[in-house]
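Below: one structure, written as structure tokens.
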2 protein chains.
Amino acid sequence: MAAVPSFLIADDHPMVRDALASALGQAFPSAQIAVASTLAQVQAALDREPETDALLLDLDMPGMDGLTGVALLRSEHPIVPIIVVSAAREPAVVRRAYEFGASAYIDKSASLEEIVGTVAAVLDGEIFAPPESEPTDTFSQRAAQLTPQQWRVLALMIQGDQNKQIAHKLGVGEATVKAHVTVILRKLGVRSRTQAVIEARSLAIPVAEPVRP
Amino acid sequence: MAAVPSFLIADDHPMVRDALASALGQAFPSAQIAVASTLAQVQAALDREPETDALLLDLDMPGMDGLTGVALLRSEHPIVPIIVVSAAREPAVVRRAYEFGASAYIDKSASLEEIVGTVAAVLDGEIFAPPESEPTDTFSQRAAQLTPQQWRVLALMIQGDQNKQIAHKLGVGEATVKAHVTVILRKLGVRSRTQAVIEARSLAIPVAEPVRP
DNA sequence: TCAGGCCTTCGACTTTGGTCTGATTGTGGC
DNA sequence: GCCACAATCAGACCAAAGTCGAAGGCCTGA
């Protein structure tokens, strides 16, 4: 990493964001710290600063749609280590986060010391490599074959956007979007847009919860 | 309130806790601030300091069991104003928080300025009445208007079935299914099958809702 | 430098989705 | 009986979704 470490903190809760920023600021006094509160801001920040040493990414952010956002950022910036920060404790979420290319996973209920320690470990190159070994044909694996633009299209499909809207938001023709959709459906192994949305959304974070037998 | 305001911050996330504490410390330089990370610690702190001016209470804490913890604290210390802090944005949760005796409700995604402002308002005796009086037009309410057969159609839509498959499974014609779909979309207030599936599936996912009266 | 592969883009075409009009049948309540 | 509504379907029609083939740009290895 560079002599001056650079961080990007992405969380829509100002409290959490500030806490992380100040903690990292103290631990790395010379660090350059940027913040973002939406997926769009994250993308913009990474475009400006592609050499970012670590991205601390909250999963419950506007536009993230859970882990699909991780995959999207991963495909756009394969070099930037992503440290997923989430309140979710479910092992399934953690595992999927690694499958989608996260370098580390931090539970929000961890202490600031632990968090700083994890960040330092990532900076030192200790990429907690995805213990990928099983060749199980999971949906996540199929999804990993998507190109950056295809991820963008899928992210908008998941929000319920129609091809025309997607085309407008991405600044391309509707025919192009349709072509992407066709490829996406084939790569995901489904037969319709609705099925793709269902599968992809099941990757998103189930918002904490429930108890009560 | 006393000349020196006293706060109790209850949250099991160190990040959030520290952020709140420092924000309140800056806004009220002379304030006395205590923290707690479990319901038991909150109870102990309130027993020691029954004159606390404001309790900032996270809902997702060990032992809280959602809003029941609010009611418990309320009955033990009726004088202490409770400010519920939660990531939950659901109107139902907010409404119930007030029903259980909360003085204010703060969304975790609010800015620190807003939070400090809310705390100050509570200190001044402004009990925030639920601004939620409008007949909240929730998706669940709209969904309740569906007829039995429309539910069956929707259930199959949610599984990713196409109109033709649905018609076959229900033993009716495709035209009939289309007619049902049209009504379903209108009743749910969405514009496409995909959006209907997204909304309906998010409904099935358990939300932080203590029930069981 | 050129061939091959991949991403992205798009137009033309086919299929599915969704609306509208209008109609028939059955059910339950007032 | 009458009314309201659920359920069924047909046919026409427009919009959205999805497929196919093809072109240009970019990178990589021979």
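Every chain is numbered from 1, with letters handed out A, B, ... down the list of sequences.
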For dA16(D) and Arg193(A) - does any side-chain N or O of the residue sit under 4.0 Å from the phosphate oxygens OP1/OP2? no

Please output the side-chain donor-acceptor pairs of residues 162-178 of chain B that fall under 3.5 Å, not counting sequence neighbours, one pair per line with the distance.
unit_1: Asn163(B); atom_1: OD1; unit_2: Arg193(B); atom_2: NH2; d: 2.1
unit_1: Gln165(B); atom_1: OE1; unit_2: Gln162(B); atom_2: N; d: 2.9
unit_1: Lys169(B); atom_1: NZ; unit_2: Asp161(B); atom_2: OD2; d: 2.7

Hey, can you pull the residues of residues 172-184 of chain A with a non-hydrogen atom under 4.0 angstrom from DNA chain C? Val172(A), Gly173(A), Ala175(A), Thr176(A), Ala179(A), His180(A)

Here's a test of your reading of the structure: between Ser192(A) and Gly171(B), which maps to the more 5' nucleotide of DNA chain D? Gly171(B)

For Lys187(B) and dG18(C), what is the distance between atoms NZ and C1' respectively, to the nearest whole Å? 17 Å

Checking Glu49(A) side chain against Ala45(A) main chain: does a donor-acceptor pair fall under 3.5 Å? no

Has Asn163(A) got a side-chain N or O lying under 4.0 Å from the OP1 or OP2 atom of dA16(D)? no

Whole angstroms only, please: what is the CG-P distance between Leu146(A) and dC6(C)? 15 Å

How long is the line joining CG of Leu188(B) and C1' of dG18(C), in whole Å? 15 Å

Can you check whether Ser37(A)'s main-chain N or O pairs, donor with acceptor, with Gln41(A)'s side chain at less than 3.5 Å? yes

Give the rounded distance in Å between these two atoms: CD of Gln149(B) and C1' of dT27(C). 15 Å

Spacing between Gln195(B) atom CD and dG17(C) atom P, to the nearest angstrom: 16 Å

Length of the CD-C1' vector between Gln165(B) and dT15(C), whole Å: 14 Å

Check against side-chain contact (heavy atoms from CB on, under 4.5 Å), Val181(B) and Met157(B): CA-CA 9 Å; Val181(B) 171; Met157(B) 286 169 63; 4.1 Å; yes

Side-chain heavy-atom pair Ile33(A), Phe28(A) within 4.5 angstrom cut-off: no

Gap between atoms CZ and P, on Arg191(A) and dT14(C) respectively (whole Å): 20 Å

Any donor-acceptor pair under 3.5 Å linking the side chain of Arg17(A) with the backbone of Val35(A)? no

Whole Å only: how far is the NE2 atom of His168(A) from the P atom of dA16(D)? 15 Å

Say whether, by atom type as modelled, one donor and one acceptor occur between the side chain of Arg74(A) and the main chain of Val80(A) under 3.5 angstrom. yes

May I ask you to verify if any side-chain N or O of Lys164(A) is less than 4.0 angstrom from the OP1 or OP2 atom of dA15(D)? no

Does dG17(C) have OP1 or OP2 under 4.0 Å away from a side-chain N or O of Gln162(A)? no

